[in-house]
Amino acid sequence: MPLNECLPLRLTELPLRQLAYVDIIDWNALSETDGQRLREFGLCEGASVETLNHGGIFGHGPIACKVGRMTIAMRRNHAAAITVRAGPEGTGPEGEAA
Amino acid sequence: MSALPLIALVGNPNAGKSALFNALTGARQKLGNYPGVTVERKAGRLSLSDGRPVELVDLPGTYSLSPASPDEQVTRDVVLGRQDGEKRPDALILVVDAANLDNHLRFALEVIALRLPTVVALNMVDLATRDGLELDAAVLSRELGVPVIPTVAVRKRGLDHLRKDLESLIDGAAARPRAPSVERDFDTLRSEARRIARAAIVRETPSRRLTAAVDRVALHPVLGLLLLLGLLFIMFQAVYAWSEAPIAMIEGLAETAGNAVTGALPDSIFRSFLVDGVINGVGSVIVFLPQILILFFFILMLEATGYMVRAAFLMDGLMEKVGLSGRAFIPLLSSFACAVPGIMATRTISDPKDRLTTILIAPLMTCSARLPVYAVIIGAFIPARDVGWGIGLQGLVLFVLYLAGIVGAMLVALVLRMTVTKGKSGGFLMEMPKYQWPRWQDIVLGLWQRAFVFLKRAGTIIFASTVILWLLLSFPRVPDDNPASQVDHSIAGRIAGGLNVVLEPVGFNRDISLALIPAMAAREVAVSALATVYSIDAGDDEAKLERSLGERLKDNWPLPTALAFLAWFIFAPQCISTIAVTRRETNGWKWPMFMVGYLFVLAYLAAGATYWTATALGLS
Ligand SMILES: Nc1nc2c(ncn2[C@@H]2O[C@H](COP(=O)(O)OP(=O)(O)OP(=O)(O)O)[C@@H](O)[C@H]2O)c(=O)[nH]1
Ligand SMILES: [Mg+2]
């Protein structure tokens with residue numbers, strides 16, 4: 001895997017359909033309810049994510065991404081609080097070596 | 001409080017709780033392939049295999065027992081026994097989506113830890129199979145410590161088994177869940193859920209995922225938007241193109257009935273009641289049943305396929321700009337059917353100000369009750385011709401009217417969010433369901449329910465308002481030697497004459513003033529009221545009686561007046577049920593009064609602006 005793919009990126013910057021895992025989530029950037037909802041969707045450090053589409057013609061719309069088996073939509077301000085690293089799940093700090 | 005054993009359905013949104021509820025009780029709760037369909041508790045009766053009745057409650061879906069919105073709060077309160085006037089459930093049916101185990105099991109573990117007698121319905125196993133997943137219910141049951149029954153709610157599979165297990169739960173024969181008594185935090189529950197999910201998955205064959213493939217187009221910024229616009233456009237064209245034949249049939253029936261009554265009865269006030277009030281009045285509304293059903297057909301398809309959330313995704317950029325949450329899109333889209341369920345559906349919005357704004361603009365979405373009004377005026381004044389590329393002008397005008405309502409709503413939201421409902425802007429965090437091909441039984445049943453509701457409205461509120469208007473129009477009788485028209489002479493005519501002083505500047509005539517007041521009861525009454533007015537006006541004049549409502553409108557109204565009337569109805573002041581539901585959902589009179597006030601002002605200004613512009617342009 002090329003080195004640059006392992007550098008941390010914001011979820012908003014992750015290329016479409018590039019498998020990645022969550023590195024850090026800046027919970028302080030999210031309101032309590034939104035943070036809780038993201039957690040409930042299974043977003044946590046180490047979770048695998050893949051962006052499917054960026055909505056909006058001008059590139060300011062929400063982002064659709066796959067988290068585990070779920071597809072979820074979120075706005076950019078939320079996605080910007082999530083830092084990811086390219087690569088399959090399990091290479092992350094919390095990922096279990098299956 | 002019922003003395004029957006109480007069982008509650010809990011689970012994540014869109015897991016199939018309502019489908020299971022319907023299958024078990026024979027009820028017909030609304031289903032939809034998007035999260036947040038059920039927003040309040042609904043009770044029904046279920047018979048166990050030995051015939052004993054049990055009360056079953058369907059609850060809104062929730063992701064955890066820490067609610068984020070009013071609908072989720074209901075679920076928490078019922079499950080914890082905090083709901084006023086209701087006992088704590090004796091047992092729970094925990095509905096889990098087999099195709100999304102990791103996620104749903106986390107909430108399942110949270111619920112099982114409450115140690116209520118619980119049975120898990122492992123629902124949607126058919127979809128899991130479609131995705132290439134094979135699960136072992138026995139492993140799941142062992143790990144969770146509660147019975148697990150695979151079900152397919154919409155095909156009624158697994159129900160007998162479920163009933164049998166419920167029986168032993170109610171009888172106390174089954175052991176309570178032996179969940180650990182120590183409180184486990186969120187992360188512990190999540191890894192536990194993952195571990196159990198992995199253990200329960202016997203095989204996973206990677207399969208072509210339909211949803212991912214469709215979403216490549218449906219969520220695409222350009223293609224997706226074109227698809228959405230295309231769908232909407234087809235919908236409005238279809239409202240006209242598909243409805244011609246059935247409408248002609250209903251009109252024919254009404255005419256035959258009218259002629260039969262006129263022929264059979266001597267000229268009397270009773271005959272006038274039947275012909276002017278019932279057949280021409282109420283009949284003029286029933287004519288629109290086909291168009292309303294076509295509209296509902298599209299809405300039902302959107303709801304059942306799972307496209308709804310995709311549409312919300314595409315429109316979220318706009319929602320964000322006017323300060324609304326992305327979730328607001330779904331209540332607003334429901335408001336195309338009727339604002340009442342739309343306003344109820346705002347319960348899924350967590351931020352109170354966000355929710356209030358959505359409630360206040362919901363009536364701007366063109367509800368199906370406005371369709372007859374639009375259709376009558378369009379039918380009368382807009383020629384049925386092609387504007388090119390096979391696009392009908394009438395359907396196009398209808399599309400523009402709907403669009404005007406949407407644009408109006410967005411502008412109002414923008415202003416409200418900067419003034420009375422100022423606050424931090426909401427978000428858009430939503431799960432996207434897997435696509436499903438709608439089952440035609442559901443669509444037919446849905447259409448039948450809408451048709452029934454509409455005909456019931458026609459037979460009750462529309463009928464009653466039309467009859468009252470007919471009475472007010474028929475009395476006092478104009479003396480035979482008096483050349484004044486019956487309508488001018490009547491009580492209603494005089495009231496309308498007074499009201500017309502205010503409405504004349506925006507181009508309205510006496511007949512419109514007459515129609516607007518009873519239209520508060522139900523908007524369709526505007527149409528039946530006009531029909532009654534013209535029917536009475538025609539009296540015995542054969543030539544006039546021959547003419548349809550549309551033709552008579554065309555004889556009597558200049559084009560600018562008709563356009564102003566359409567513009568008025570984009571913002572049309574509220575029907576009574578919308579005011580009532582707004583009062584209930586906002587706990588007071590303040591907001592419904594505000595809503596009615598601003599809508600009146602906008603309606604007046606819009607009608608005026610349209611009238612003056614059209615007159616200045618010399619349209620006639
Ligand atoms: N294929 C399949 N579809 C199902 C099954 N059960 C429910 N559905 C469909 O899944 C969708 C969601 O079902 P609902 O019963 O409305 O879900 P719910 O849990 O009540 O959802 P909320 O009220 O939003 O919490 C609907 O489109 C149903 O037709 C199932 O076992 N198999
Ligand atoms: Mg439901």
Side-chain angles (χ1 to χ4, degrees), chain A residues 11 16-17 19 22 25 27 29-82 89-90 92-98, chain B residues 12 62-64 66-69 97 99-104 106-107 128 131 133 186-187 190-191 193-195 197-198 209 211-212 215-222 224-225 309-310 312-321 325-327 350-351 424-434:
Chain A
L11 184 57
L16 293 183
R17 279 175 275 277
L19 211 57
V22 177
I25 299 178
W27 298 109
L30 303 164
S31 76
E32 201 175 319
T33 13
D34 293 343
Q36 186 197 324
R37 188 47 35 103
L38 280 180
R39 260 185 243 259
E40 289 166 355
F41 283 161
L43 268 161
C44 59
E45 279 87 6
S48 74
V49 288
E50 182 187 343
T51 48
L52 300 178
N53 256 309
H54 293 187
I57 319 178
F58 308 110
H60 294 295
I63 289 178
C65 57
K66 241 180 110 106
V67 180
R69 289 178 200 283
M70 277 216 292
T71 309
I72 61 176
M74 65 172 97
R75 283 192 180 159
R76 290 180 162 260
N77 54 346
H78 291 131
I82 301 170
E89 180 190 24
E94 234 188 57
E96 300 108 293
Chain B
N12 285 46
T62 175
Y63 292 97
S64 72
S66 328
S69 51
D97 175 358
N100 193 1
L101 266 190
D102 314 34
N103 205 276
H104 286 203
R106 202 215 65 248
F107 180 46
D131 282 358
L133 276 178
F186 193 91
D187 291 328
R190 189 185 50 225
S191 20
R194 267 175 70 120
R195 185 186 62 76
R198 286 191 181 174
R209 303 266 157 90
T211 298
D215 274 345
R216 276 187 170 232
V217 176
L219 296 181
H220 190 274
V222 179
L225 207 59
V309 187
R310 274 73 184 185
F313 178 84
L314 292 169
M315 299 312 288
D316 185 61
L318 179 63
M319 304 297 271
E320 188 175 16
K321 283 207 181 63
S325 98
R327 282 215 86 122
S350 45
D351 182 68
K424 64 167 185 53
S425 88
F428 178 46
L429 283 172
M430 210 168 172
E431 181 184 354
M432 296 202 178
K434 295 188 177 63

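Note that the structure is predicted; figures quoted are calculated from it, not measured. Proteins get letters first, then strands, A, B, ... in listed order; numbering begins at 1 in each. Every heavy atom of this structure was used, including side-chain atoms; hydrogens, water molecules and symmetry mates were not.
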Chain A contact via B:Asp316 - side chain, backbone, both or neither, heavy atoms under 4.5 Å: both
Whatever's closer than 4.5 Å to a heavy atom in chain A on B:Thr211 counts as neither
Name the member of A:His78, A:Glu32, A:Gln36, A:Arg37 that forms the most heavy-atom pairs with chain B at distances under 4.5 Å. A:Arg37
Using heavy-atom distances under 4.5 Å, tell me whether A:Arg39 contacts chain B through its side chain, its backbone, both, or neither. both
Does A:Ile25 offer a backbone N or O that forms a donor-acceptor pair with the side chain of A:Glu45 under 3.5 Å? yes
Does B:Asp215 offer a backbone N or O that forms a donor-acceptor pair with the side chain of A:Asn53 under 3.5 Å? yes
Give, as side chain, backbone, both or neither, the part of A:Ile63 having an atom under 4.5 angstrom from any heavy atom of chain B. backbone
Please give me the minimum heavy-atom distance between A:Ala73 and B:Phe313, naming the atom from each residue. CB-CD1, 3.8 Å
Tell me, out of A:Gly42, A:Ala64, A:Ser31, who's got the most heavy-atom pairs with chain B below 4.5 Å. A:Ala64
Measure distances from B:Arg310 to the heavy atoms of chain A and classify the residue's part below 4.5 Å as side chain, backbone, both or neither. neither
Max heavy-atom pair count under 4.5 Å with chain B, selected residue of A:Met70, A:Glu40, A:Arg69: A:Glu40
Non-hydrogen atoms of chain A under 4.5 Å away: do they reach the side chain of B:Ala193, the backbone, both or neither? neither
Go through the steps for A:Ser48 and A:Lys66 under the test side chain to side chain contact (heavy atoms under 4.5 Å, CB included), then give the verdict. CA-CA 8 Å; A:Ser48 74; A:Lys66 241 180 110 106; over 6 Å; no
With a 4.5 angstrom heavy-atom cut-off, which part of B:Met319 approaches chain A: side chain, backbone, both or neither? both
Could you tell me which of B:Leu219, B:Val309, B:Asp351 has the largest number of non-hydrogen atom pairs under 4.5 Å with chain A? B:Leu219
Across all chains, not counting sequence neighbours, the ring pair (Phe, Tyr, Trp, His ring centres under 6.0 Å) partners of B:Tyr63 are A:Phe41
Using the rule given for side chain to side chain contact (heavy atoms under 4.5 Å, CB included), can you reason through B:Asn12 versus B:Asp97, listing the C-alpha separation, both sets of side-chain angles and the distance that settles it, and then say yes or no? CA-CA 8 Å; B:Asn12 285 46; B:Asp97 175 358; over 6 Å; no
Any donor-acceptor pair under 3.5 Å from A:Arg76 side chain to A:Gly61 backbone: yes
Side chain to side chain contact (heavy atoms under 4.5 Å, CB included) between B:Leu429 and A:Ile72, intermediate numbers included: CA-CA 7 Å; B:Leu429 283 172; A:Ile72 61 176; 5.7 Å; no
